Amino acid sequence: MDSAFFFTYFLQFVISGITIGSIYAMVAVGFNIIYNVTEIINFAQGEFVMLGGLIMVIFYNKLDLPILIAFLMTVIVVAMIGLLIDQIVIKSIKQPTVLTLIIGTIATSILLKGAAMFIWGKNPYDLPAFSGREAINFFGAVIQPQALWVIGILVVVVGLLSFFFEKSIIGKAMRACSDNQDAALLVGISVKRMILLSFALSAAIGAVAGVIVTPIALMEYDRGAMLAVKGFAALILGGLGSFPGAVIGGLLLGLIEALVAGYISSGYKDAFALAVLLILLFVRPHGILGNPTVAKFKKF
Amino acid sequence: MFHITIKSRIVFIAIVLICPWIFYLIPAVSHYLDILIFAGIYCLITIGLSLLMGYAGQISLGHAAFFGIGAYISGILTTKYGLNPWVCILIALFVSGFIAYCIGVPTLKLHGHYLAMGTLAFGIITFIIFNEEITYTGGPDGMGNIKELQLLGFPIDTNMKYYYLVWLTVVLALLFSVNLIQSRVGRALRAIHTSEVAASSMGVNVAGYKIQIFVFSAILASISGSFYAHYIKFLNPTSFDLFFSIKLLIMIVMGGMRSIWGAIIGAVIIAFLSFEWLGAFHEFETLAYGAILLLVTIFLPDGLVSLPGKFSEQINKYLSKIKA
Amino acid sequence: MELILSVDSLDVIFGGLAALKDVGFTIQKGVIKSLIGPNGAGKSTMLNVITGVIQSTKGDIHFYGKRINGLAAHKISRLGISRTFQHVETFAKMSVLENVMVGCHSHMSANLLTSGLSLFNVRREEDRVKNEALALLDFVGLLDKKYQEASSLPIGEQRILEIARALATRPKLLCLDEPAAGLNESDTNQFSILVREIKKKGISILLIEHDMKLVMKISDELTVLNYGQKIAEGTPIEIQNDPVVHEAYLGG
């Protein structure tokens, strides 16, 4: 194999790794938003992505709405589902411990998956790519235009979120809840409302990820669990609670997965991505950017 | 709720002994014996999981993997290498225990959701291995020709015999666990569940006990898997997927995780649900299980075993009202 | 007098804020030592560091000559330091007797296998520990409530139960974190009698308490903390007449 050929292949793997990694990053960011306000790990996080893709199928393919409106409606509907999860599930758990909250969010995830199977059946669905499927040549490798959309939207989402949490009053209030709920209450922040908002926001980001990845990877009812656990792996890789960490973790995980699929075995790509999580839990549970002493002060 | 009397143990053993004959004598429900064997196989897993969840307060989403490791090690070593099945059960048990130890040590030192995610990841990895290692496992097509078990030279070749093998093992596991709960170790576990800080200040090695009980539950799941392989004689990866781990979780939560009886009630009910009552509605199955888990979590957090207590409480309230 | 615990130039820093700064004191055998100071002075932090719940940032704690900084809480407990909690941490769903039996954990030997098989020596050990726990319940006066669920006791009795549970570990040093909070006057009197009884057994006591009348009555020595630093040390009479302490309590 000559070196130019080798390079082209490598580049191709890196591109697909970054694309799929962007999705993991968005799932990880979604985990973080809820975790930072409530210290809950929402096991139904992956279902938001699945719902995003499949609900977009209804609005765009079935109802023929213009793409931007369909996109917006999808995000709103999934955000509403996020709100409902907080209102119906999280709030009704009488003794909220780590154990019961995990069980509650797992139950939600199974319920959403079951409902999706009932509504959409077991077949995968496609969505048209935002700007066609004509591949762009890039140093011999090919890039799907949709991949550029995915990466671009990740940048926009992360940019908006950091602006929101750093600059806006509501964002600051949400951060205050994560630091100290009692103190937040004392200065007049409605913790309940912030939790509600965190679920909606996190669901909305999941939906965005689902809409933009479906034209590349298709979408079906049972994708949620795998996306959730990979998003969690990305989260731990970057350090639980850190937004830059979530993005770096997601991209790294995507790269590892694409390189394993390319060079070792496509059948084992998922297994390798998850093995990264297990190895991390062994050697560096606070992640590459996380702070071990901060991690100790978290309740759960 | 934690104290389990000698009487209730004897009643349980009597039910186990008598039950199959009732089904045997009534032709319309004779196939229930088959379902009860599966229920017993599930019970072996849920007894361990109940200790882990209800007593140590930890959650595993990967017990389908330990179940699968038991089943495949038994299946592969007996069919491909002709080893003695009982030796294979032992090998499987050691492998499962060792893997559980390796996963437990890092995750159980951390907070609650790490074990859940770690075992979830482990379960998916194992499932992928079962599918990919076609030379050994037969991959998605499965593997067959697993022989029946023999005990002291006698083949266990009827459902009735297999029922007694499985359920007497359940009885042993139950008695062991009951002794455990009412001992130094059980008190330590229950203490951990209420307050880890207080437990460790009383000299309880919190992480150590969590790891021990996680390994113990993995070993029980592995034995259960071996029994499953020799009973069903054909293995397919889908029996060991994530959804089975979730089903195990549903058994525990539905029965009531703060009681070892809950583990048994949950396993029997889910066995009947999946083989008898829900089998026809395959499209609804996932939805139904999700709904059950959610409803129980919200409305009956202590599971079905708490119902009689709640019921008598209501009656007492009513009676005292009448008196007043 | 035999020195059992010494704390030397101890720092505890949380995210850049010093909860304790350069604190040092000692405890002798059979002495009741009180740690007092205004809210937020770092008293509970001190107790949590000694018992291994929180790690120190700098400095040393020696117990019988052995450095115990950074040891896990259960190991420190086994060395002979036990405690009660400011916010009651009884094992709510277990009986009063079982709560005390958990305290006996360290001087039992049954493990997962022997317990599960319920071997003869395990059962003998259970009987021994049960008797020991009953004796302790008798000592603190909770014997008639032995089969009640711990959470059903009033808060004052739960605090007493925590003391019995802590004594069950056979401690050399007993740390009490605001044990009289929520007690009425007669309970408080009973409590001070109990503390003296414990002292008679040769167990040293480290006491954190807001009830100054009680503190001055039962303490042998006091250490005063303010904003994470030691500002005074001495006998109750010395402390009562110390202008620095008055400043901290009244002037601040």
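Being a predicted model, the structure only gives us computed values, none of them experimental. Excluded from the calculations below are hydrogen atoms, water molecules and symmetry mates; all remaining heavy atoms, backbone and side chain alike, are included. So that the names make sense, note that chain A is the first sequence line, chain B the second, and so on, each numbered from 1.
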Discussion item. Rounded at 0.5 Å granularity, tell me how far NZ in C:Lys75 sits from OG in B:Ser200.
Written reply: 12.5 Å
Worksheet, complete the sentence: Between the CZ atom in B:Phe216 and the CG atom in C:Leu113, the distance rounded to the nearest 0.5 Å is 9.0 Å
Item to complete: State the CD-OG distance between C:Glu125 and B:Ser183, to the nearest 0.5 angstrom.
Response: 9.5 Å
Discussion item. Before we go on, tell me: are the rings of C:His74 and B:Tyr209 under 6.0 Å apart, centre to centre?
Written reply: no
Fill in: Whether C:Arg83 side chain and B:Ser201 backbone form a donor-acceptor pair below 3.5 Å
no
Worksheet item: For chain B, which of C:Arg123, C:Glu89, C:Glu162, C:His107 has the most heavy-atom pairs under 4.5 Å?
Response: C:Glu89
Worksheet item: Does a side-chain heavy-atom distance below 4.5 Å link C:Lys93 with B:Arg258?
Response: yes
Fill in: Most chain C-contacting option - heavy-atom pairs closer than 4.5 Å, from B:Val206, B:Ile213, B:Val197
B:Val197
Worksheet item: How many angstroms lie between OG in C:Ser115 and CZ in B:Arg187, if you round to the nearest 0.5 Å?
Response: 8.5 Å
Discussion item. Is the shortest side-chain heavy-atom distance between C:Asn99 and B:Met202 below 4.5 Å?
Written reply: no
Worksheet item: Out of C:Ser106, C:Gly103, C:Gly116, C:Ser77, which one racks up the most heavy-atom pairs below 4.5 Å with chain B?
Response: C:Gly116
Worksheet item: Where do C:Arg78 and B:Asn205 land on the side-chain contact (heavy atoms from CB on, under 4.5 Å) test, with the steps shown first?
Response: CA-CA 10 Å; C:Arg78 281 172 199 182; B:Asn205 179 353; 4.3 Å; yes
Worksheet, complete the sentence: One should read off an interatomic distance between B:Arg184 CZ and C:Thr114 OG1, to the nearest 0.5 angstrom, of 8.5 Å
Item to complete: May I ask you to test the B:Asn179-C:Leu117 pair for a side-chain heavy-atom distance under 4.5 Å?
Response: no
Item to complete: Locate the shortest heavy-atom distance separating C:Phe91 from B:Ala198; write the atom from each residue and the value.
Response: CE2-CB, 3.7 Å
Worksheet entry | Between OG1 on residue B:Thr194 and CE on residue C:Met94, distance to nearest 0.5 Å | 6.5 Å
Fill in: Heavy-atom contacts under 4.5 Å, residues 168-177 of chain C to chain B
C:Thr169
Discussion item. Using a strict threshold of under 4.0 Å (side-chain N to carboxylate O), is an ion pair present between C:Glu98 and B:Arg190?
Written reply: yes
